[in-house]
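No experiment lies behind these values; they were computed from the predicted model shown.
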Amino acid sequence: MKAISLDLGGSHVSLAVVEDTTILMSQEISVDAGGELLPLLPIFKTIVYDMLAELRIPVEDCIGVAMGCAAMVDRATGRVLSTNGKFEDSPGIDLPAWSREEFGLPFALENDARMALLGEWYAGAAKGSDDVVMITLGTGIGGAAMAGGKVYRTKQVQGGCLGGHIPALFTGRKCTCGGFGCMEAEASGWALPLIAREWPGFEKSRLATLDRIDFRALFQFAREGDPVAIGVRDRCLHVWACGTVGLIHAYGPELVVFGGGVMRSGDIILPYIRDYASKYSWIPSGPVRILPAALGNHAGLLGAIPSLTDVVSDANAIPA
Ligand SMILES: [Zn+2]
């Protein structure tokens, strides 16, 4: 099966033609994080048709167009319902109609964390496991869950995809979601500079010399013995570990997969979380496996086939 796959990030969009678990061709373009989606659609169309031409694949050989985006989406209607400062015009766009008009194909829209989970389940670290939680550690923290080989969903579109907003500290910092002390507000890329600057002794830390405090620098300085970096790092590890226990208790997965850019330091992060989760989770069935994602940035693109296989069987999404 072949499909067209689009992965909308905050600062870039990846476009690909995929066949089963293989990316036949892909292209990445930089976009304005706060910009609009509508002006990009003709660019997407051109890139997709150029790739199909180069691959000598007729568009009708594809089963559909799949799109992952960092938003709450209604999969049944293919509509974006709520964004968090990215592509604010997207709720007004009829993306299934765009897909029908420009490609003559069904359209599957999915939250980016769910799409990454589908990709890892179909072609990566979660292959062969049907009860899975995926957590992506990056600028924000994404979460998605799967039970019995089906993405966890409820009538409320956020069902299962707000793992990053599991409260980790009820006295904690205000989060972008409106809540307080979420895992994301206490240990994510956007929260990290706020956490570091409040840390006692911050002004003496090497972190204070940086224009932009990120996890790469945090882990590096901690490895080199900077006491503030060690303190902040260990606090973040603790937050992620507590959040993981929360997700294990909520969804009862056999496997938790960690992805996202922060996982460059997975050699520190995963042993800590495995140890914590094995000590502090109530799991009579035995330890939950905790693995790094295997597909990196390709996870979302490779979620296309499983996400479309669902939608193509849904009469509402098949073109008239
Ligand atoms: Zn939150």
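By the criterion of side-chain heavy atoms lying less than 4.5 angstrom apart, applied directly or through intervening Ile, Leu, Val, Met, Phe, Trp or Tyr residues, Val73 is grouped together with Leu8 in one hydrophobic cluster. Both Leu15 and Phe103 belong to a single network of hydrophobic side chains, linked directly or stepwise wherever heavy atoms of I, L, V, M, F, W or Y lie under 4.5 Å apart.
Within 6.0 Å of NZ on Lys204 lie no more than 12 heavy atoms contributed by other residues, nucleotides or ligands.
With rounding to the nearest 0.5 Å, the separation of OG in Ser90 from CG in Leu95 is 7.5 Å. The line from CD1 of Ile213 to OG of Ser205 is 7.5 Å long, rounded to the nearest 0.5 Å.
Within the 4.5 Å cutoff, no side-chain heavy atoms of Met1 are placed close to those of Glu19. Side chains of Ile248 and Val256 form a contact here, defined as non-hydrogen atoms less than 4.5 Å apart. Residues Leu192 and Val232 are in side-chain contact: their nearest non-hydrogen atoms beyond the backbone lie under 4.5 Å apart.
Summarising the geometry of Ala229 relative to Leu207, their closest heavy-atom pair is CA-CD1, 4.0 Å, with the distance given to 0.1 Å. Nearest heavy atom pair, residue Gly163 against residue Leu247, reads CA-CD2, 3.9 Å.
In this model, no donor atom of one side chain and acceptor atom of the other lie less than 3.5 Å apart for Ser307 and Glu110.
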- Could you check Val18 against Ile4 for side-chain contact (heavy atoms from CB on, under 4.5 Å), going step by step and ending with a plain yes or no? CA-CA 6 Å; Val18 302; Ile4 296 159; over 6 Å; no
- Query: After noting the C-alpha distance and the side-chain angles of Arg216 and Ser265, does the key distance pass the side chain to side chain donor-acceptor pair (under 3.5 Å) rule?
  - Reply: CA-CA 8 Å; Arg216 189 191 292 254; Ser265 300; over 6 Å; no
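The aromatic rings of Trp240 and Phe215 sit tilted, their planes meeting at an angle between 30° and 60°. Aromatic ring orientation, Tyr272 versus Tyr276: parallel (interplanar angle below 30°, classes split at 30° and 60°).
The closest donor-acceptor contact from the side chain of Lys45 to the backbone of Tyr49 lies at 3.5 Å or more, if one exists at all.
Checked against a 6.0 Å centroid threshold, the rings of Phe170 and Phe180 do not count as neighbours.
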